[in-house]
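Working notes, beginning with the structure itself.
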There are 2 protein chains.
Amino acid sequence: MAVSAHRGAPLSPEEIYATALRLIDAGGVEGLSMRKLAVELDVNPMSLYHHIDSKTTLLQRVCALVGAQLSLPPDDGAPWPQQLRALGHACRASARRHPSLWLYAQSHPEVTGSDHRLWRALDRILTAAGIGPDDLAHARKALFALLSGFILGETTGALDEQGGAADLDETFESSLDFAIAGLAAFHR
Amino acid sequence: MAVSAHRGAPLSPEEIYATALRLIDAGGVEGLSMRKLAVELDVNPMSLYHHIDSKTTLLQRVCALVGAQLSLPPDDGAPWPQQLRALGHACRASARRHPSLWLYAQSHPEVTGSDHRLWRALDRILTAAGIGPDDLAHARKALFALLSGFILGETTGALDEQGGAADLDETFESSLDFAIAGLAAFHR
DNA sequence: ACCTGAACACCGTTCAAGT
DNA sequence: ACCTGAACACCGTTCAAGT
């Protein structure tokens with residue numbers, strides 16, 4: 001029992017990331033510890049450090065993994081409001097699948113290393129909406145704030161506690177209407 | 001040296017909260033530990049538990065303290081866009097004073113115990129803006145998301161990394177314009 | 001090469017014992 | 001009443017020693 005005392009197969013990074021994501025979905029980022037992860041992988045806690053630098057970079061990789069799975073709307077010439085809605089729904093859907101990871105990523109944006117895919121898609125849609133280059137950064141940031149804040153509020157439950165409609169699907173659609181109408185502020 | 005071995009005065013909750021807030025502003029919520037707080041107060045770590053239940057409730061009290069200092073716009077009949085801007089500026093100003101605490105509070109909304117002052121002020125302004133009772137909850141949540149997301153992005157630096165204008169004052173004003181224009185979506 | 005036990009420097013919190 | 005030392009059950013991470 002020299003190599004991998006308890007397991008048949010050697011440890012792979014992919015296995016580590018997938019197991020970490022599963023534990024995070026089940027018990028939150030704050031519930032994930034290197035020691036628990038090792039137990040789940042049936043391995044000595046210190047063995048993990050042969051495959052990953054630190055817990056921080058582990059979380060970074062898991063965030064990248066989830067980010068890569070985002071199905072952003074393609075550049076297919078569809079009407080821009082429809083594309084904007086699709087982008088919003090893609091992010092919200094991912095956040096509902098992995099709420100704790102999104103909460104972590106939103107508080108530690110350095111882990112995503114500025115996901116340029118999202119910004120590029122958003123900029124493309126806003127340009128299609130007739131936003132000029134001078135207003136592009138402002139509009140992008142306002143939309144980022146709205147989307148990010150909605151996801152934050154839904155994830156933490158802050159939006160539930162405010163009363164009104166029980167489920168947030170309708171509220172999200174309203175917020176998208178709000179955003180689409182708000183873009184008029186950038187038409188001058 | 002029976003009572004308060006190292007200090008002249010006995011420990012007061014207010015002193016604990018104020019010192020905790022100072023340490024949080026200096027080193028972040030994750031940098032605050034009961035042990036460091038005790039050192040700062042020149043007291044045994046375990047003495048703190050005679051005055052506070054737990055670290056969680058300590059953070060709750062500190063959040064409440066900062067929340068109570070929010071200078072929300074009064075109901076003085078000023079035009080509603082002006083009042084909405086004032087409400088936004090009040091929150092952003094507080095967040096810039098205590099970024100780490102706001103980040104914590106936004107991820108743990110249960111600590112604020114649903115700050116009804118803010119919702120009531122917002123509802124009043126939205127009603128003045130002509131939003132009907134059926135749309136009030138939707139509009140409130142959309143505005144909450146935008147404001148909350150902006151503060152989150154500014155606090156974490158996510159909004160800086162996106163390029164565009166270097167300072168965010170102008171972007172915040174743009175976002176307020178965006179919000180005011182977006183409320184048209186709720187006029188039907 | 002890969003794994004591992006012991007150890008280090010931290011946590012929050014409990015509890016029995018002091019005055 | 002108020003304070004405190006020791007202890008418990010955790011952390012992430014290092015490092016020398018094993019095979």
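Note: hydrogens, waters and symmetry copies are ignored here, and every other heavy atom, side chains too, is used. Proteins come first, then strands; the chains are lettered A, B, ... in the order of their sequence lines, and each starts at number 1.
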Pair B:S148, B:Q106: side-chain N/O donor-acceptor within cut-off below 3.5 Å: yes
Geometric cation-pi criterion B:R92 and B:F150, 6.0 Å radius, 45° cone: no
Check against side-chain contact (heavy atoms from CB on, under 4.5 Å), A:W119 and A:F144: CA-CA 9 Å; A:W119 307 145; A:F144 167 87; 2.9 Å; yes
Starting at atom [atom1] of [X], determine the distance to atom [atom2] of [N], rounded to an integer number of angstrom.
{"X": "B:N44", "N": "C:dC15", "atom1": "CG", "atom2": "P", "result": "17 Å"}
{"X": "B:D53", "N": "C:dT13", "atom1": "CG", "atom2": "P", "result": "10 Å"}
{"X": "B:L37", "N": "C:dG12", "atom1": "CG", "atom2": "C1'", "result": "13 Å"}
{"X": "B:Y49", "N": "D:dA6", "atom1": "OH", "atom2": "P", "result": "18 Å"}
{"X": "B:I52", "N": "D:dC2", "atom1": "CD1", "atom2": "P", "result": "15 Å"}
{"X": "B:H50", "N": "C:dA17", "atom1": "NE2", "atom2": "C1'", "result": "12 Å"}

Smallest separation among heavy atoms of B:V62 and B:Y17, with atom names: CG2-O, 4.0 Å
Structure string for DNA chain D in dot-bracket form, Watson-Crick and G-U at under 3.5 Å, | interchain: ||.|||||...|||||.||
Contact check, side chains of B:V66 and B:W102, non-hydrogen atoms, under 4.5 Å: yes
Side chain proximity check, A:V29 to A:L103, heavy atoms < 4.5 angstrom: no
I'd like a list of close polar pairs between nucleotides 7-11 of chain D and the protein, N/O only, cut-off under 3.5 Å.
| residue | atom | partner | partner atom | Å |
| --- | --- | --- | --- | --- |
| D:dC11 | OP1 | A:S33 | OG | 3.3 |

Contact under 4.0 Å: A:H51 side-chain N or O vs C:dC3 OP1/OP2: yes
Euclidean distance, A:S100 OG relative to A:I24 CD1, rounded to 0.5 Å: 6.5 Å
Interatomic distance at C1', D:dA17 relative to C:dA1, whole Å: 15 Å
A:R140, CZ: over 12 other non-hydrogen atoms inside 6.0 angstrom: yes
Please report, to 0.1 Å, the donor-acceptor pairs under 3.5 Å made by any side chain of residues 173-184 of chain B, with sequence neighbours excluded.
| residue | atom | partner | partner atom | Å |
| --- | --- | --- | --- | --- |
| B:E173 | OE1 | B:R85 | NE | 3.4 |
| B:E173 | OE1 | B:R85 | NH2 | 3.0 |
| B:E173 | OE2 | B:H89 | NE2 | 2.7 |
| B:S175 | OG | B:T171 | O | 3.1 |
| B:D177 | OD1 | B:R85 | NH1 | 3.1 |
| B:D177 | OD1 | B:R85 | NH2 | 3.1 |

